[in-house]
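Quick note on labels: first sequence line is chain A, next is B, and so on, each numbered from 1. These figures come from a predicted structure and were not determined experimentally.
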Amino acid sequence: MAESPITPREKDFAAWYQDVVLQGDMAEPAEIVKGCMVIKPNGYAVWEVLQRALDDRFKATGHQNIYLPLLIPQSFLKKEAEHVAGFAPELAVVTMAGGKVLEEPYVIRPTSETIVGHFFAKWIKSYRDLPVLINQWANVVRWELRTRMFLRTTEFLWQEGHTAHSSHEEAVQETLRMLDVYAEVAEDVMAMPVIKGAKTQAEKFAGALRSYSIEAMMQNGLALQAGTSHDLGQNFGKAFNVQFQTNEGKLDFVWQTSWGASTRLIGGLIMTHSDDKGLVLPPKVAPQKGVLVPIFRKDEERAQVMERATQLARDLGAHVDTRDGLTPGAKFFHWERRGVPVVFELGPRDVTSGNIVMKRRDTGTKEVVPQAEVAGKFAALLETIQKDLYTRAKQRLKDKTVLANSLDEVKSILNDVTAEKGGGKFVMVHLKDDPQNDAKIKEFKASVRNIPSVDEYDGAGKCILTGETVDRRVVIAKAY
RNA sequence: CGGGGCGUAGCGCAGCCUGGUAGCGCACCUGCCUUGGGCGCAGGGGGUCCGCGGUUCAAAUCCGCGCGCCCCGACCA
């Protein structure tokens, strides 16, 4: 038995994560381009599933896709003061093109609010033009100091929705509706429970009035922001002069929103479900839900097994691993590392008995089922796995969430937590939304993740720092 | 940018201290044999030893300079 190529979670969670990504053939570091990664077919297929899940829901809520330029005139970024301050350190700038120094440099988009502002100003004249509901699937670049595959890379893939509305009320509705879409995809498709809530003023998007997020908990107890939605108010409308005439004939600035989710979701997926044997994919995001490994010794067995295997696999929509020169054992390990939800084994014994072996990836449980019933059992098993993965993750979230009523308490809970060692918790505390308070939390490298939309605890209480009354507890955690 | 580490076959490493034929494991190729959880045997291919300069009869090895990457901290979807 060969040694496992995957570092156990207990030993070093960060190393485990890297190993799972590599052994699952999801992605690899680009090496020639600092901080970037190559998303390999196995990883990209998962991204395509997530894209589809999100895109279908965007369309269902009335949005249309567009594409905007990668390059943004540098002056655009400067038009919104908070926005430029927030993004300036992360910008990659093109200063030369066509062999000449450019009169005005272009920045490679870190996000597209500014360029959207420009075009909204051009397109929107009347309240009859509103709302504008668009989305773009794109790559963006943010010059990060520290990168981890899928979780934070210099270049990443995402979608960014941008909308314009005639009233603040409608914009807020849109912001919250899209947050719900993210939560639904996370929970129903990815089987990843999340906490919806508002970001504090200190943590909001640079240029937003208010930001919202869904926060997921990874197996090491660290938080992962898995999607954000922003109420931009009239900030970009004013910066880019996006004005429209109301039905009363007056001029007003539009109310905008933006919302995004990225390939980071894949990192969240991995750190929510995978184990020491490798990737575990919930059936709904698994590009390949079942794989059949044929087993045989002699040539006549081979013919019999392959014939039956091909038939069954067709009925099941499963892939048959026909590779020569590999033992069944090697194939089992291969598909296990790649997270395939169900692996079937079919050998001479099964051909004779009319059975087939069905093994689920998440629990490792094997079941011998009659071939005649396998299609139905397979479909049912996929549903069970999807449900069980969610339940397990939800339970973990509950188990690792604690209440605290003083700063010292929070500190002692989170002090020694790191991505490598784990031990993270979501600590629920009463805390006033004030940047000075966020700063206190940051001193021990934790942060306020969000202020939950739904209060599942004890309602109002006194802020642990200022004593002021706040209406509910916030989530404090160490985060990616 | 500060602190630490590392660059030798596709990957993981040994060799360097004490200069003298460039090696091991995995992967890869060929053949035989095997196949219910990482088969075995035999044969084989593959190298600017990160780069430049210096010392020397001779440098992967010693010296100097440079480059790149990783980890830890300050920034972040």
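- For the salt bridge (Lys or Arg N to Asp or Glu O under 4.0 Å) test, no residue two or more places apart in sequence or in another chain qualifies with A/Arg142.
- In this structure, CG of A/Leu22 is placed 16 Å from C1' of B/C26, rounded to the nearest angstrom.
- Residues forming a salt bridge (Lys or Arg N to Asp or Glu O under 4.0 Å) with A/Arg337 (at least two apart in sequence, or on another chain): none.
- Residues meeting the salt bridge (Lys or Arg N to Asp or Glu O under 4.0 Å) test with A/Asp56, sequence neighbours left out: none.
- For the contact set between residues 294-307 of chain A and RNA chain B, defined by any heavy atom under 4.0 Å, the members are A/Ile295, A/Phe296, A/Arg297.
- Residues satisfying the side chain to side chain donor-acceptor pair (under 3.5 Å) test with A/Arg9, not counting sequence neighbours, are A/Gln219, A/Asp276.
- Rounded to an integer number of Å, the gap from A/Lys442 NZ to B/C75 C1' is 9 Å.
- We find that CD of A/Glu90 is positioned 14 Å from C1' of B/A74, with the value rounded to whole Å.
- Under the ring pair (Phe, Tyr, Trp, His ring centres under 6.0 Å) criterion, A/His162 pairs with no residue at all, not counting sequence neighbours.
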Could you pull out the protein-nucleic contacts involving nucleotides 69-73 of chain B (nitrogen or oxygen on both sides, under 3.5 Å)?
from  : atom 1 : to       : atom 2 : distance (Å)
B/C72 : OP1    : A/Arg146 : NH2    : 2.5
B/C72 : OP1    : A/Glu420 : OE2    : 2.9
B/C72 : OP2    : A/Arg146 : NE     : 3.0
B/C72 : OP2    : A/Arg146 : NH1    : 3.2
B/C72 : OP2    : A/Arg146 : NH2    : 2.4
B/G73 : OP2    : A/Arg146 : NH1    : 3.4

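- You'll find the ring centres of A/Trp259 and A/Phe205 outside the 6.0 Å limit.
- Identified under the side chain to side chain donor-acceptor pair (under 3.5 Å) test for residues 205-214 of chain A, with sequence neighbours left out: A/Arg210-A/Asp433, A/Ser211-A/His230, A/Ser213-A/Glu215, A/Ser213-A/Asn450.
- Nucleotide B/G73 is matched to B/C1 when pairs are restricted to Watson-Crick or G-U wobble geometry with both distances under 3.5 angstrom.
- Residues from residues 192-208 of chain A lying near RNA chain B, meaning a heavy-atom separation below 4.0 Å, are absent.
- Residue ring and nucleobase are not stacked for A/Trp158 and B/A77 under a centre distance beneath 5.5 angstrom and an angle between planes beneath 30°.
- Ring centroids of A/Phe240 and A/Phe76 are separated by less than 6.0 Å, placing the two rings close together.
- We find that CZ of A/Phe333 is positioned 12 Å from P of B/G36, with the value rounded to whole Å.
- Across all strands shown, B/C13 is found opposite B/G23 as a Watson-Crick or G-U wobble partner, with both distances under 3.5 Å.
- Of the residues in residues 65-77 of chain A, not one comes within less than 4.0 Å of RNA chain B through any heavy atom.
- Taking A/His334 as the reference, nothing meets the ring pair (Phe, Tyr, Trp, His ring centres under 6.0 Å) condition, with sequence neighbours excluded.
- Residues passing the salt bridge (Lys or Arg N to Asp or Glu O under 4.0 Å) test with A/Lys442 are A/Glu203, sequence neighbours excluded.
- Nucleotide B/A77 holds its P atom 18 Å from the CD atom of A/Glu155, rounded to whole Å.
- For the residue pair A/Arg360 and A/Thr363, a side-chain donor N or O sits within less than 3.5 Å of a side-chain acceptor on the partner.
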